[in-house]
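Just below is one structure, and these are the notes that go with it.
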Amino acid sequence: MSPPALDRNRVAVLGAGRLGRAVVSLLKGAHISVYDRRPSALEELAGSTDHPRLSTTTDISEAMQGASLLYLAVPASSLAELCTDLAPHGLPDQMVLLASRGVTEGFQLPHQHVRNKTCLRQIGVFGGPLHVRELSAGRRLNAVIASRFHLVVEKVREVSAGAPVHFQVSRDVIGVQVAGAVGNVASIAAGMAEALELGDTARGVLLARGLLEARTLGVAIGAEAETFSGLAGVGELIPRAVRSMERHLDLGRALGRGLPLDAALAAVAGHVEGVTTAAESVALARREELSVPLLAGVQAILHGEVEARTQLEDILSLPLELGSR
């Protein structure tokens, strides 16, 4: 039996949380089927949009049937499980789009879960200053779409036609993901600096160091150095230095006020992928013999090994230069 035909205008959004709701607002030019295990999440999504071609289901096979593009709208920590669930229903011709900003054990990037667990190979990743709150508000945004497949880039542009987003294109899937993941850790440091009233200059320096350490890690695992000078790197972090409501900043503020990690996490709504990313980044740096003082410092603060003010001031006293082996 031949596989079912794919509909070029049909997209499956797998995940009906905050990210999934934002994706629905982006995909103006598509028929959308949204999957989630939780009927309550699907009801909330359906009630929050007037998209004319939207259906919802708790059956992942039903959502994926006929879809030319699969958008995996879950946090990095949930990707492995989602990929296991979708694997029996995926087709090699289906394309995948990811916006998860984090890593899992062994510094696994989001696209690696898709490649390791499914037959899907045409993968694209979002990067740059594409923040969910602003996307949901309909503001004009700039973002990066990274893929080794030209067809994936064209598909994203096609199904998002009419949405207020301008895409820059990259082939550096690894670099775009590393920049986003490590940027979350730098935001935790910036939030701590804000709570400790270290000043805007200190916060900017910490974010800049985060970018340099992202580049150090990324290049070590195959990323292109130039990626971190573009929209996926500088463009990812500069908006956070000016104004942001990101959960990682909120976590940093709570830690800067003296809360231990468990209490700080309880005070922040939603997933905070930067906690895992900090630990895995430090482990990767040790394996590769790389210097990442900001990432190592945040990791130590998160686990109560050092006092936040002293650690950040020590980091701020270091020369701002690329990490080395």
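Every heavy atom of this structure was used, including side-chain atoms; hydrogens, water molecules and symmetry mates were not.
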Margin query: Treating Thr310 as the side-chain partner and Val306 as the backbone partner, does any N or O pair qualify as donor plus acceptor under 3.5 Å?
Written below: no
Note to self: Side chains of Arg309 and Leu198, heavy atoms from C-beta outward: is any pair under 4.5 Å?
What the structure shows: yes
Next item on the list: Begin with the C-alpha distance, continue with both residues' side-chain angles, and end with the deciding distance and a verdict on side chain to side chain contact (heavy atoms under 4.5 Å, CB included) for Asn184 and Val275.
Entry: CA-CA 9 Å; Asn184 283 337; Val275 174; over 6 Å; no
Next item on the list: Answer yes or no: does atom CZ of Arg53 have more than 12 heavy-atom neighbours from other residues, nucleotides or ligands under 6.0 Å?
Entry: yes
Note to self: Whether Glu194 and Arg257 form a salt bridge (side-chain N of Lys/Arg under 4.0 Å from carboxylate O of Asp/Glu) is what I want to check.
What the structure shows: no
Note to self: With clusters defined by side-chain heavy atoms of hydrophobic residues (ILVMFWY) lying less than 4.5 Å apart, directly or transitively, does Leu284 cluster with Ile188?
What the structure shows: yes
Checklist line | Closest contact, heavy atoms only, Ala186 versus Gly210 | finding: CB-CA, 3.9 Å
Check: Going by heavy atoms in the side chains, are Thr84 and Glu81 under 4.5 Å from each other?
Finding: no
Notebook entry, point to check: Run the side chain to side chain contact (heavy atoms under 4.5 Å, CB included) check on Arg37 and Ile60 step by step: do they pass?
Noted result: CA-CA 8 Å; Arg37 291 177 176 176; Ile60 194 169; over 6 Å; no
Notebook entry, point to check: Is there a side-chain contact between Ile301 and Leu312, using heavy atoms and a 4.5 Å cut-off?
Noted result: yes
Next item on the list: Quick one: pull up CE in Met64 and OG1 in Thr57 and give me the separation to the nearest 0.5 Å.
Entry: 12.5 Å
Next item on the list: With rounding to the nearest 0.5 Å, note down the distance linking OG in Ser78 to CG in Leu14.
Entry: 12.5 Å
Notebook entry, point to check: Taking a hydrophobic cluster as the set of Ile, Leu, Val, Met, Phe, Trp and Tyr residues connected by side-chain heavy atoms closer than 4.5 Å, whether directly or through intermediates, do Leu259 and Val298 fall within one such cluster?
Noted result: no
Next item on the list: Taking His31 for its side chain and Leu54 for its backbone only, find out whether a donor-acceptor pair lies under 3.5 Å.
Entry: no
Margin query: Out of the candidates Leu86, Leu120, Val23, only one should pair with Leu72 under the side chain to side chain contact (heavy atoms under 4.5 Å, CB included) rule; please name it.
Written below: Leu86
Margin query: For Arg8, is there an ion pair with Glu158 - N to carboxylate O distance below 4.0 angstrom?
Written below: yes
Next item on the list: List the steps and the verdict of side-chain hydrogen bond (donor to acceptor under 3.5 Å, both in side chains) for Ser229 and Glu226.
Entry: CA-CA 5 Å; Ser229 301; Glu226 294 77 10; over 6 Å; no
Margin query: Side-chain heavy atoms nearer than 4.5 Å, only ILVMFWY residues, links allowed to pass through others: does that put Val219 and Val103 together?
Written below: no
Notebook entry, point to check: Any sub-3.5 Å donor-acceptor pair from Glu213's side-chain atoms to Leu295's backbone N or O?
Noted result: yes
Next item on the list: Taking the side chain as every heavy atom from C-beta outward, state whether Leu212 and Phe228 have any atom pair closer than 4.5 Å.
Entry: no
Margin query: Test of understanding: clusters of I, L, V, M, F, W, Y form through side-chain heavy atoms closer than 4.5 Å, transitively. Do Leu318 and Val292 belong to the same one?
Written below: no
Next item on the list: Quick one: sort the Phe126 and Tyr71 rings into parallel, tilted or perpendicular, breaks at 30° and 60°.
Entry: tilted
Check: Going from CE on Met192 to OG on Ser187, what distance comes out if it is rounded to the nearest 0.5 angstrom?
Finding: 10.5 Å
Notebook entry, point to check: Taking Glu288 for the side chain and Leu290 for the main chain, is one N or O donor matched with an acceptor at less than 3.5 Å?
Noted result: no
Next item on the list: Output the distance between atom CG (Leu302) and atom CG (Leu251), rounded to the nearest 0.5 Å.
Entry: 6.5 Å
Next item on the list: Might you point out which heavy atoms bring Arg247 and His271 nearest each other, and give the distance in Å?
Entry: NE-O, 2.6 Å
Next item on the list: Can you see which heavy atom on Pro110 is nearest to which on Leu79, and at what distance?
Entry: CB-CD1, 3.4 Å
Notebook entry, point to check: Do Leu265 and Val272 have side-chain heavy atoms sitting under 4.5 Å apart?
Noted result: yes
Checklist line | Spatial distance of atom CE (Met95) from atom CG (Leu70) [nearest 0.5 Å] | finding: 10.5 Å
Item checked: Minimum side-chain heavy-atom gap Glu62-Ser33 below 4.5 Å -> no
Notebook entry, point to check: How far apart are the closest heavy atoms of Asp172 and Ala146, and which atoms are they?
Noted result: O-CB, 4.0 Å
Note to self: If you count every heavy atom of other residues, nucleotides or ligands that lies below 6.0 Å from Glu197 atom CD, does the total exceed 12?
What the structure shows: no
Notebook entry, point to check: Under the 3.5 angstrom rule, does the side chain of Glu280 hit a backbone N or O of Gly106 as a donor-acceptor pair?
Noted result: yes
Margin query: Between Arg121 and Arg115 (side chain of the first, backbone of the second, donor and acceptor by atom type, cut-off under 3.5 Å), is there such a pair?
Written below: yes
Item checked: Exercise: identify the closest heavy-atom pair between Leu294 and Leu206 -> CD2-O, 3.4 Å
Check: Transitively linked via ILVMFWY side-chain contacts under 4.5 Å: Val13 with Val152?
Finding: yes
Next item on the list: For residues Gln94 and Cys119, determine if any side-chain heavy atom of one lies less than 4.5 Å from a side-chain heavy atom of the other.
Entry: no
Notebook entry, point to check: Hey, does the side chain of Ser317 reach the backbone of Asp314 with a donor-acceptor pair shorter than 3.5 angstrom?
Noted result: yes
Note to self: side chain to side chain contact (heavy atoms under 4.5 Å, CB included) for Leu19 and Val74? Distances and angles first, verdict last.
What the structure shows: CA-CA 7 Å; Leu19 182 55; Val74 299; over 6 Å; no
Next item on the list: Under the salt bridge (Lys or Arg N to Asp or Glu O under 4.0 Å) rule, what do Glu224 and Arg215 come out as? Steps first, then yes or no, please.
Entry: CA-CA 8 Å; Glu224 300 170 9; Arg215 176 178 167 173; over 6 Å; no
Check: Okay, side chain of Thr227, backbone of Gly175: is any donor-acceptor separation there less than 3.5 Å?
Finding: no
Checklist line | Side-chain (Gln177) to main-chain (Val173) donor-acceptor, under 3.5 angstrom | finding: yes
Notebook entry, point to check: Does the pair Arg21 and Arg18 meet the rule for a side chain to side chain contact (heavy atoms under 4.5 Å, CB included), with working shown?
Noted result: CA-CA 5 Å; Arg21 293 194 295 273; Arg18 184 167 169 257; 3.9 Å; yes
Check: Considering the options Val176, Val165, Val125, Leu97, which one meets the side chain to side chain contact (heavy atoms under 4.5 Å, CB included) requirement together with Ile145?
Finding: Leu97
Margin query: Please determine whether the number of non-hydrogen atoms from other residues, nucleotides or ligands lying under 6.0 Å from atom CG of Asn116 exceeds 12.
Written below: yes
Notebook entry, point to check: Would you call Arg101 and Glu273 a salt bridge, using N to O less than 4.0 angstrom?
Noted result: no
Margin query: Ignoring hydrogens, what is the shortest heavy-atom contact between His113 and Thr104? Give both atom names and the distance.
Written below: NE2-OG1, 2.7 Å
Item checked: Point-to-point distance, once rounded to the nearest 0.5 Å, from CD of Gln122 to NE2 of His150 -> 12.0 Å
Check: So do the side chains of Val11 and Lys155 get within less than 4.5 Å of each other, counting heavy atoms only?
Finding: no
